[in-house]
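To find a chain, count down the sequence lines: A is the first, B the second, and so on, and within it residues start at 1.
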Protein chains: 4
Amino acid sequence: MPKVTEEHTEARRRQILSAALTCFAREGFHRATMQDIFREAELSPGAVYSYFKGKDELIAAIAAEVVRFALGLFETLSRPGPEGRLHTPGEGFAMLVRAFRDIDLSTWAHRTRLGPQLLAEAQRNPALRGRVREGLGRGVGIFAELARAAQERGELDPQLDPEHVARLMLAGFHGLLIQVSLLGDVVDVDAYVKTVAALLDSRAATRQTTPA
Amino acid sequence: MPKVTEEHTEARRRQILSAALTCFAREGFHRATMQDIFREAELSPGAVYSYFKGKDELIAAIAAEVVRFALGLFETLSRPGPEGRLHTPGEGFAMLVRAFRDIDLSTWAHRTRLGPQLLAEAQRNPALRGRVREGLGRGVGIFAELARAAQERGELDPQLDPEHVARLMLAGFHGLLIQVSLLGDVVDVDAYVKTVAALLDSRAATRQTTPA
Amino acid sequence: MPKVTEEHTEARRRQILSAALTCFAREGFHRATMQDIFREAELSPGAVYSYFKGKDELIAAIAAEVVRFALGLFETLSRPGPEGRLHTPGEGFAMLVRAFRDIDLSTWAHRTRLGPQLLAEAQRNPALRGRVREGLGRGVGIFAELARAAQERGELDPQLDPEHVARLMLAGFHGLLIQVSLLGDVVDVDAYVKTVAALLDSRAATRQTTPA
Amino acid sequence: MPKVTEEHTEARRRQILSAALTCFAREGFHRATMQDIFREAELSPGAVYSYFKGKDELIAAIAAEVVRFALGLFETLSRPGPEGRLHTPGEGFAMLVRAFRDIDLSTWAHRTRLGPQLLAEAQRNPALRGRVREGLGRGVGIFAELARAAQERGELDPQLDPEHVARLMLAGFHGLLIQVSLLGDVVDVDAYVKTVAALLDSRAATRQTTPA
DNA sequence: GATGAATGAGTGTTCATTCAT
DNA sequence: AATGAATGAACACTCATTCAT
């Protein structure tokens, strides 16, 4: 009992989760077997099962981590930037993509594979579904807020529905993951982000000026 | 039951494919068992296996159909509309979503579930991967063309990279499927399409005017 | 009813049996499927099933044919040859091998494969077992008779047990089929026959000469 | 059940192999199901599959054991006996049959059934085929050697082709298995062996006397 | 706490056989 | 008589999970 500290426990959890993530990204949730994970983690079945109740819990834990990451990011996005105003939608979008690309708890390639799988799996797995919906809802809320703020500052066409601008931003992100996971480096992520941001932001500044 | 031909055979194929689609949409490719499909199709294992070589071929056939549909649609999009000019990107996007929503070979709900699954599955399944990549490539090509034409007509900011505008359009579509599959009717598809189209099209008319 | 004559019926039976024999020799009794046979016979399942009750009956019919052939041959062997005396064991052995090799109702290669399979299958299949035992018994009987006659003529060591000489002759035949089926042309059948015959017969030639 | 090793593993392998051998001898390779083997071994499917990759490997392992046994025996036969000379062909034959009859890793009845099946199966199964050919080749080589030595000692008719005498000896063995598997105790194995040995050996003694 | 051999329900698939036409 | 689409029991095999040590 004194032997095993909390740190040890947490380290083991991370070790297992990391192995699982690698396997899931490599093979998909269903094709990856628990044996694969035991091997990747260099741990016995019993060891893994004493930290997680089963495969579903492993998937859920990974999903939870991804969603937690996203929620934290949204939180950041909802706070004014250094210039003292809320980020523009374009800035927000760029920050989302970049933050997601720069985490180090696994490679960008792994994450682009995992994202679409998680999204697809969430359709059927109630535990995932709740979490993912929460993340989605929060994302739409934040981005809609940015859009509304931009409209108020006269930087975005006031006729556009902020909620649906927000949905497009999320879609733009999810769709990017899909394209990268299937096409790899053919997709120039930076150029994509720049184009999307330009489309979202340049927008109404123009508008505003125009009519007058 | 001898001397049955062509129509009968084709009808059976459709019956099986339709049952498979229902099961895959309901349970996911991996969780759906062949038994589920036999039951849904009200056919015996042997009957199904005499039309398709196995589960993989069933998945491949469904993917092929989806991709074929998309390619046909892209073909339509690449031809000038009634006004004698190419469709604007916004029109193109709206046509894509609406066409996909209005096919009747199964419900919209089924298709929104199937899409993300197909995209996720394509990561690991080489047969799917090739097809999906082809569809993706063609889609980017067509939408980029529309974007370029719009730029030439002075309707889209010439600074935007047409390829990445096209990628965003595809992403906007895939992301929509994801959101609808997870959130259901919470998503107002028509409003979404209108917003995206407005964002894509209104654009440069304004721009044009601005500099002055 | 008038349409289909008995000849027609018999021709169909032979057509089916011949196809089955080809398939069984090519794939083995268990691996060969009824579908293979339908294809080989260019006949529908129903057609085949109206002539034979099932796969087992097909196997039984082929076995029956082989055994009938062997029994006919043994009958011939049991009758005195042109010189007015019974054949020597060596002559008998040579006649057995040559007769079996020269039937034309299928190739020698087919028959060398079928033989060992039939013998193995007879262990478990009661219908075959009875027939094969009958053939075996008759073979031992005939060859033992030849051996006894040779002993009486002073051409074979009288100390040898005729029954077991007969068993060796049959074994020499079955073992030849095995070797040919596994080694193909590596086995020089004629040289083998000559050697076996010499071993069985020469014996007494010596003997003959001796007394003098 | 952790920390089990070597002996345990080897014991399990033998337990499974033994169960498989029993089932194969009882039902034949194809009719025996894996379920039969699980039941006979009193083990679960997973347990069996963790020791052997599949049914084919089980068959291959059994074949390997039989061939290994035969090769070891041939090795023994190729060495001079107590009298300082090579065994006569008749002695060699008797040793082969007796050694095969006296192993205790399963009953003689089982082995007489397995032999012909293995020989038949080897026709189609390339893995078996290679092994069996090797055993056959070695057997012919050894027996031919014994025959040649006997010829040199003046104990065997020098006109006989040693290779084909050897083939007859192998055939005499395989054919014995066939007869015993089909006829059971009707066959007096000892008398058979004595007769065959006498035929092979007594031979030239006679010869010797003749010329004079 | 950790091990890993063992479990067994469940999977995708095959194929001898039937029977409406 | 002949067809061939359809059946469904049976098969080989997988893999998430357990538990004696």
Side-chain angles (χ1 to χ4, degrees), chain A residues 1-5 8-9 12 30-39 43-58, chain B residues 1-5 8-9 11-12 30-38 41-58, chain C residues 1-5 8-9 12 30-39 42-58, chain D residues 1-5 8-9 12 30-38 41-58:
Chain A
M1 240 185 235
K3 270 190 165 171
V4 176
T5 66
H8 175 78
T9 297
R12 271 272 193 275
H30 296 278
R31 259 200 267 285
T33 71
M34 289 301 278
Q35 290 296 336
D36 291 338
I37 296 172
F38 306 148
R39 207 176 303 120
L43 242 24
S44 69
V48 172
Y49 273 86
S50 72
Y51 288 97
F52 295 93
K53 273 168 64 184
K55 198 179 185 181
D56 285 351
E57 198 171 297
L58 235 24
Chain B
M1 283 144 180
K3 292 272 127 90
V4 184
T5 21
H8 175 81
T9 295
R12 270 273 187 276
H30 296 278
R31 256 201 267 288
T33 70
M34 289 302 279
Q35 290 297 336
D36 292 337
I37 296 172
F38 306 148
E42 298 183 83
L43 240 23
S44 66
V48 171
Y49 274 89
S50 75
Y51 287 95
F52 295 92
K53 273 165 64 182
K55 198 180 183 181
D56 284 352
E57 197 170 298
L58 235 23
Chain C
M1 236 183 241
K3 270 193 164 173
V4 176
T5 67
H8 174 78
T9 296
R12 272 273 192 273
H30 296 279
R31 258 200 268 287
T33 70
M34 290 300 279
Q35 288 297 334
D36 291 338
I37 297 172
F38 305 148
R39 206 176 304 120
E42 299 183 81
L43 241 26
S44 68
V48 171
Y49 273 87
S50 72
Y51 289 96
F52 296 92
K53 271 169 66 184
K55 197 178 184 181
D56 285 350
E57 199 171 298
L58 235 22
Chain D
M1 283 142 179
K3 293 269 126 91
V4 184
T5 21
H8 174 81
T9 296
R12 270 273 188 275
H30 295 279
R31 256 200 268 288
T33 70
M34 290 303 280
Q35 288 298 334
D36 292 338
I37 296 172
F38 306 147
E42 299 183 83
L43 240 23
S44 67
V48 172
Y49 276 91
S50 76
Y51 288 94
F52 296 92
K53 271 166 65 180
K55 198 179 185 183
D56 285 351
E57 197 169 299
L58 236 23

Per-nucleotide protein contact string for nucleotides 10-15 of chain F (B base, S sugar-phosphate only, - none; heavy atom under 4.0 Å): -SSBBB
Return the value, rounded to whole Å, for the distance between atom [atom1] of [X] and atom [atom2] of [N].
X: B:H8; N: F:dA6; atom1: NE2; atom2: C1'; value: 9 Å
X: C:E42; N: F:dG4; atom1: CD; atom2: P; value: 13 Å
X: A:L43; N: E:dA2; atom1: CG; atom2: P; value: 8 Å

Minimal non-hydrogen separation, B:K55 against B:H30, with atom names: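 Heavy-atom minimum between the residues: NZ-O, 3.5 Å.
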[X]: which residues meet the side-chain contact (heavy atoms from CB on, under 4.5 Å) condition with it, sequence neighbours left out?
X: C:F52; value: C:R13, C:I16, C:L17, C:E57, C:L58, C:A61
X: C:S50; value: none
X: B:T33; value: B:Q35, B:D36

Base-pair map of DNA chain E as dot-bracket, where | denotes pairing with a different strand and pairs are Watson-Crick or G-U under 3.5 Å: .||||||||||||||||||||
Contact check, side chains of D:I37 and D:M34, non-hydrogen atoms, under 4.5 Å: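 Counting from C-beta outward, D:I37 and D:M34 do come under 4.5 Å.
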Sugar-phosphate only, base, or nothing, as touched by B:Y51 at under 4.0 Å among non-hydrogen atoms: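 Sugar-phosphate, no base atom in range.
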Side-chain N,O (A:S44) to OP1/OP2 (E:dG4) below 4.0 Å: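 Answer no for this pair, as no side-chain N or O of A:S44 is under 4.0 Å from OP1 or OP2.
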OH-CZ distance between D:Y49 and D:F38, expressed to the nearest 0.5 angstrom: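 D:Y49 OH to D:F38 CZ: 5.0 Å, rounded to 0.5 Å.
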